[in-house]
Asker: 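Below is a structure I'd like to ask you about.
Note: hydrogens, waters and symmetry copies are ignored here, and every other heavy atom, side chains too, is used.
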4 protein chains.
Amino acid sequence: MSSLLIRNGTVVTATDHYQADVCIEGETVSMIGATLDVVAEREIDATGCYLFPGGIDAHTHMELPVMGTRSSDTFETGTLAGLHGGTTTIIDFANQSRGGTLEAAIQEWHRKADDNAVCDYAFHCAVTDFNADSRKEIPNIIHDHGINSFKIFMAYKDTLMIDDLQIHQLMEEVAEHGGIVTAHTENGDMIERNIHNNLAAGNKALKYHALSRPAYCEAEAAGRAIDMAYETGCPFYIVHTTCEETLEMVKAATLRNQKVHVETCIQYLLLDESWYSKEGFEGAKMVISPPLRKRKDQEALWAGMNQNLVHHVATDHCPFCLAQKEAGREDFTKIPNGAPGVENRFELLFSEGVAKGRIGLNKFVEMSSTGAAKIFGLFPRKGTIAVGSDADIVIFDPEIQHTISADSHHMNVDYNPYEGWQVQGKTRTTILRGTVAIDEGEALVSRGFGEYLKRPPRNSI
Amino acid sequence: MSSLLIRNGTVVTATDHYQADVCIEGETVSMIGATLDVVAEREIDATGCYLFPGGIDAHTHMELPVMGTRSSDTFETGTLAGLHGGTTTIIDFANQSRGGTLEAAIQEWHRKADDNAVCDYAFHCAVTDFNADSRKEIPNIIHDHGINSFKIFMAYKDTLMIDDLQIHQLMEEVAEHGGIVTAHTENGDMIERNIHNNLAAGNKALKYHALSRPAYCEAEAAGRAIDMAYETGCPFYIVHTTCEETLEMVKAATLRNQKVHVETCIQYLLLDESWYSKEGFEGAKMVISPPLRKRKDQEALWAGMNQNLVHHVATDHCPFCLAQKEAGREDFTKIPNGAPGVENRFELLFSEGVAKGRIGLNKFVEMSSTGAAKIFGLFPRKGTIAVGSDADIVIFDPEIQHTISADSHHMNVDYNPYEGWQVQGKTRTTILRGTVAIDEGEALVSRGFGEYLKRPPRNSI
Amino acid sequence: MSSLLIRNGTVVTATDHYQADVCIEGETVSMIGATLDVVAEREIDATGCYLFPGGIDAHTHMELPVMGTRSSDTFETGTLAGLHGGTTTIIDFANQSRGGTLEAAIQEWHRKADDNAVCDYAFHCAVTDFNADSRKEIPNIIHDHGINSFKIFMAYKDTLMIDDLQIHQLMEEVAEHGGIVTAHTENGDMIERNIHNNLAAGNKALKYHALSRPAYCEAEAAGRAIDMAYETGCPFYIVHTTCEETLEMVKAATLRNQKVHVETCIQYLLLDESWYSKEGFEGAKMVISPPLRKRKDQEALWAGMNQNLVHHVATDHCPFCLAQKEAGREDFTKIPNGAPGVENRFELLFSEGVAKGRIGLNKFVEMSSTGAAKIFGLFPRKGTIAVGSDADIVIFDPEIQHTISADSHHMNVDYNPYEGWQVQGKTRTTILRGTVAIDEGEALVSRGFGEYLKRPPRNSI
Amino acid sequence: MSSLLIRNGTVVTATDHYQADVCIEGETVSMIGATLDVVAEREIDATGCYLFPGGIDAHTHMELPVMGTRSSDTFETGTLAGLHGGTTTIIDFANQSRGGTLEAAIQEWHRKADDNAVCDYAFHCAVTDFNADSRKEIPNIIHDHGINSFKIFMAYKDTLMIDDLQIHQLMEEVAEHGGIVTAHTENGDMIERNIHNNLAAGNKALKYHALSRPAYCEAEAAGRAIDMAYETGCPFYIVHTTCEETLEMVKAATLRNQKVHVETCIQYLLLDESWYSKEGFEGAKMVISPPLRKRKDQEALWAGMNQNLVHHVATDHCPFCLAQKEAGREDFTKIPNGAPGVENRFELLFSEGVAKGRIGLNKFVEMSSTGAAKIFGLFPRKGTIAVGSDADIVIFDPEIQHTISADSHHMNVDYNPYEGWQVQGKTRTTILRGTVAIDEGEALVSRGFGEYLKRPPRNSI
């Protein structure tokens, strides 16, 4: 069995923070000690560096078909980019087709990912056509496919959206079998009306994308879904929360002793609606759904982390090249929605969060890794540095400064929303299941190195 | 240096949960591994047992002068009882006397505790006479005495209570020097009126104690203190939170991005106001302030833990023997307020929380130990099992059932509120700083073994 | 011109309360004075009586087709019953048929009401099939038909319910033309799921009607509709509010400076869910939607009146005879939903409200008459006793006690939900547009006496 | 008996709005009719004019001793100014002196007002030294003096403020005898700390007055007082509410079915904190407590009226001449707090409220007159135009525009906060108890014409 010894690093988990040597045998951590008196095949000196659990990004869309095109990262390019930035596991969404089965969706996603992904991966199952037949598939999806999380869309009427009756029934079934429901919470009807009114008024510029999807639409749907989760007793998780209004719904639910899991994404923490006032078509780079919000929303989200009300920072990574975005230059409804982020999330959260004093080191680990691992059943295999866990470790040098640029990033997209941002701290080495995957910017693993992760039914936490 | 090896236990921290061998050298943990190939002076087989971080009880009152008598546990008897139950650290309150300095209070508490305490201990400084002089003492208390937490009483007018102006000024000073303010939140004026009215109406039975201190008095003061903490930017912690109404104030504060630290006590989770309807003078055993509440309050507190809005479960351990309680048989205002708990908290929280499925194992550790360690600056020396931390470890057998009784407990008080309760799980061995302090019910350490713990100014978390 | 002089009564309006003589010439009030020195064709001595503005019931369903049957009161029988009880104006709902126009619905309702109604009447327009064509009808409905209020159903999927997109668009159109949207707020999807689950579990007894329509379904829909009204700027009114949870949504909306109009019905103030536990099929008499709630909801509704947050007490009068109710003896979904009330509302509200001290006299007038008159544009023609207003006056003797019974009531239904209730105060004489319509229980007007009331676009209040 | 006939005006009450002739005999209204066929000693043609109930200002301070000086209006000058503007009744505060009795305060206020006041007047009793003796005076104050309203100060520690225990006891006593407690809600301790900190930092400019009294101080005290009113069951009224935060407390209280009466003042509706940034010492003109707030607070107050959550618009009229204000040029704590308003309130509320479409005509009457009359027991003698009520009528021409100026106003103060404001609508004639008091700007009554108004214990409404 191969062995690897990391000396003198500072181990950081969601709880702990201490200097130690970490010994890896095979794919897992075997020993942690003040000074380990062992010999390993390879030793790495991590003096001055943090050892973080490998990042988990619970919200990505690789090769997603959208509006006649596809998101530009494959599982190969996207996961390799993730590894460069410190992310060792992604959870992508296997989207059911209208008229198709859940099983078919999962098979399709396996075709895309298996033998291609470079980092480890799991799938959420996105249910877009819920009926008596798809309901019957749920137990099998959970128990055989190892997929315990199901996503619903409350927006995108007539394509992805399911109605409240379907949501209720899905929640009942998922709760019974130990799963969790996750939701894109925007009121599709409200948005459709806004889009319709804008188009009718000739308001086709990209800024009307955001104006058609105001915060109240997101909060209304969040509140409604929280009600349904309360009624059905189903564990519930809101994806890509953007705004104070949605957090208010989560806070209100605490009054009836309810707990809701909340994800936000790095872009909602760092960017704001002023993007949509940029000159020309520049703002199209951040045409995403929900859209970027106000500064007060950023504040609420950062505070939410420290209040323990936000549990994961993901990306909703769904890149499109500028040529793809061009499709909507004359009509915002034709801009493919999505933006890149999988490579930069981990470092940006450290730089803007820890280095700027907004969150502590343990909170950083919880937000970038542990929180998602626990909610989605990857823990303790993933999400921590502990004896017996997968040796997914990021050796992170907090002193290195670097600059983000599309010229140097590894994502398959020709722009970067954080172009020119100065970042404090850098992923020096990424170790995945005991193998050095990235070292000083060089990839040492390749296509197909990633493993599919089955996840057991959730234990209540 | 002495060494101790614990084999085959399951290490549980606020985040992790894995099987491993733990090696202790001297007073701290030196190594954790799947199977440690080392030789130690002593080995303990912990197969089938959890290894928990030693319990921390952040709210005790040993030998506290109250109404002409004293709480019946000394630092010796109380801390030894704590060790028996799995608590390795207490934080007691050094109460300023009216007219006296803070310094004098701390010196007095050292006289009581030093060379007496068996487990480790720290002090909060209770400020009951805040003025320009006591304000000047604050920096010294924090930096020289290693006491970063200050308590205020919003009740007990004319003896302990300070007014809003004083609270503001104390908060300003404490915030500036990196401390935290903790508060007994009950509106003293409201309570005084209720007591006065009850006495005037001839309502002197013990049940009027509780009826004089309704939940709204607690919640009002909590809300007011939260406002003052918000305004002064002072970290803030509510001691012995009992009710849903107070939690509502904490939840409301989240709406303005504020975070409040919340402590409850084991009795508020497990007992309710029906105690005050017991026959005869039995209810006097639980005459405490604030009083026991309703079942809906218990539900809100348990839910609060899982919502991450309650951060520590303490005891407010302040025992009085039945003969002492007798002083108030004819007049509830003369019953010394307080009840025992330091020995039973840890096991009861496991039994009623974990074994009954209300909280998970990690949450148990957070509530019984890690939360308080982090809030009050004992971490990482205390509050976790990690390389470099104090080897305060409870070897806990989840399968052993036992029954609580004053006949067998070690606290110096002649009743136990949980008399006859069946408990699932038992502290088999308590290790304090690498020394086996309690083993199978036998005390192996004695008076004076405990160390005083200085705590640094708080880092923001 | 005919003239009528009412001497020595105590005039009560939503504001005033004074003793005076009231002189009526033709159909309107011409003079009010301490002692009027005039001669009239007829004089009535009202010594010891209140003179109240004629009652307005803004929520009735005469001859409504429901589940293959019809509500048992025609416009003739129902409005005559109303006059007996003190109600001089009703607003009934002209329900659009799926596939039909709004115009057709209004014509159909005119066919039912014209030449039949005995008291005055107006229509709300219930929109059940909103599309581009029905949108175009809105201005005409408001301006030509004098109907400024439009009702939506958020429940009854596939028959009456319209979706959020349709609601938004309707609100936009109505707001633009000076109308108001009223809503039956229950989440149809949630209810459908509950009904489905109950039927699947063999739960077909009538009590499952109520269990399928819990308060949270009503409150969720209320909150959502309030959001849509906020966004579109459309005046908004919730019909038959039953519960504290819905009022909480209204109260929450006050925080963003929004005002919502709230109607409750007399049965929600006086009856509760214990009805559904009555023996045998008795409870079917109160199978209505939403169902009866808890006592705490009654308290919230009474308080809501005094808080000025509830604006009208109507009936949702929709009677079915016991033989009609029988259709659902074996399956609660087949029980026609509805119950009688138009005759008893006015006297019950006085007896249970004013006589029992829950509301004052002015509030009684506001709830029974003025509130609805102002919200729906009947004021000042209806809803007050003032010079120039229609002489719709109830001479009410507060000292007379009587007992409600189906044996003596005038509604065309063979039971009365308030059978045997003792009522304090009685409508002695009902005057409609200057004509004595009812006197001491005798009807002096007949079929066709009622006039259709056009209502102008609303002025903001 | 003298008689006066007002022809062709439009009578407006809190409910009604109609054209009529109004006949006055002696001091009261005797008859209202479409066209009155009577002969009176005097006739006034009010064509084109509104007839409003005479304004009531429930919050004035004439000749109030403050900081070694006195407010500059006597009961003579202040009430005459009120009449010019349309205010026919004021309620002034008889402030207890520390060490003095309530009786003494009332006697002192009678000495100031009797034979001096030109308009009618009543007193609130301000309790600043509550103890067992003053408690005993309460029933007598209510029943013999006809004063049913008691004011407390939660600010001004050591001079006016009473503590929570005293407030509770006062509320108990007042509730028992049918009175109401009104409160100046600012947390005196919080403010004292802010002032102290500002002075210590050398921040003595007038803007620090406002910065020392932030909205949270007002809201905290409001919430606390609302709690005490809830607990004691005492009717409760907040004087001079300024901000959204306080309204939030009122709105939150609705959730537990509580009703709170709310007063704001005209200056909080129309002026904002930008006053304190005016050049030089100009801002001192509006140094009042609580201070002027933000625009969002104005919006919340206007909305509050339409939500029926604000019940009266008063003035807190307490003028000081510029020379008096000068005392605090070098130290904001020495600026006498107060500003004029009694003359302009009525017309400004019409102009800024009704003429600008923020409130309707009935709401204007409710806010300027009826609301206060009902809450404080002046109704129905005052607060309406109805048969039997005092003939206090303002003939108001909505078409006349005029400009406010200290040059032309009648208040005894050498500036006007609304200097230069264009006002739409003007009080043409003020009638007090049937006597034309002001006509076209000319005073026809003089010193001593005003009567003292005893008010009965409140009926619950």
Asker: Hey, does the side chain of C/Gln307 reach the backbone of D/Gln258 with a donor-acceptor pair shorter than 3.5 angstrom?
Answerer: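 Side chain of C/Gln307 to backbone of D/Gln258, a donor-acceptor pair under 3.5 Å: yes, one is there.
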
Asker: Calculate, to the nearest 0.5 Å, the distance between atoms CD1 and OG1 belonging to C/Ile385 and D/Thr15 respectively.
Answerer: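 Rounded to the nearest 0.5 Å, the CD1-OG1 separation comes out at 11.5 Å.
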
Asker: Name the member of C/Asn362, C/Thr254, C/Leu361 that forms the most heavy-atom pairs with chain D at distances under 4.5 Å.
Answerer: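 Of the options given, most contacts go to C/Thr254.
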
Asker: Among C/Ala386, C/Cys23, C/Gly388, who wins on heavy-atom pairs under 4.5 Å with chain D?
Answerer: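 Of C/Ala386, C/Cys23, C/Gly388, C/Ala386 has the most heavy-atom pairs under 4.5 Å with chain D.
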
Asker: For the backbone of D/Ala303 and the side chain of C/Lys259, can you confirm whether one donor and one acceptor N or O come within less than 3.5 Å of each other?
Answerer: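 No, because the side chain of C/Lys259 does not come within donor-acceptor range (under 3.5 Å) of the backbone of D/Ala303.
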
Asker: Checking C/Glu244 against D/Leu255 for the side-chain contact (heavy atoms from CB on, under 4.5 Å) test, could you report, in this order, the C-alpha distance in whole Å, the side-chain angles of both residues, the deciding distance, and whether it holds?
Answerer: CA-CA 8 Å; C/Glu244 190 171 32; D/Leu255 294 171; over 6 Å; no

Asker: Measure distances from D/Gln19 to the heavy atoms of chain C and classify the residue's part below 4.5 Å as side chain, backbone, both or neither.
Answerer: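 Just the backbone, heavy atoms under 4.5 Å.
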
Asker: Under the salt bridge (Lys or Arg N to Asp or Glu O under 4.0 Å) test, which residues partner D/Arg455, sequence neighbours left out?
Answerer: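 Residues passing salt bridge (Lys or Arg N to Asp or Glu O under 4.0 Å) with D/Arg455: none at all.
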
Asker: For the interface with chain D, which of C/His17, C/Arg256, C/Glu366, C/Glu299 has the highest count of heavy-atom pairs at distances below 4.5 Å?
Answerer: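 Max contact count across the listed options: C/Glu299.
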
Asker: Just give me the residue among D/Ser389, D/Gly383, D/Ala300, D/Ala20 that pairs up with chain C most often, heavy atom to heavy atom, under 4.5 Å.
Answerer: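 Answer, by heavy-atom pair count under 4.5 Å with chain C: D/Ala300.
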
Asker: Counting heavy-atom pairs under 4.5 Å with chain C, which one of D/Thr384, D/Asp16, D/Val11 comes out on top?
Answerer: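 Looking at each option in turn, the highest pair count goes to D/Asp16.
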
Asker: By a 4.5 Å heavy-atom criterion (distance strictly below it), what part of D/Leu309 contacts chain C: side chain, backbone, both, or neither?
Answerer: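 Contact with chain C involves the side chain of D/Leu309 alone.
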
Asker: Which members of residues 26-39 of chain C, sorted by number, sit under 4.5 angstrom from chain D on a heavy-atom basis?
Answerer: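 Hits under 4.5 Å: C/Ser30, C/Met31, C/Ile32, C/Gly33, C/Ala34, C/Leu36.
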
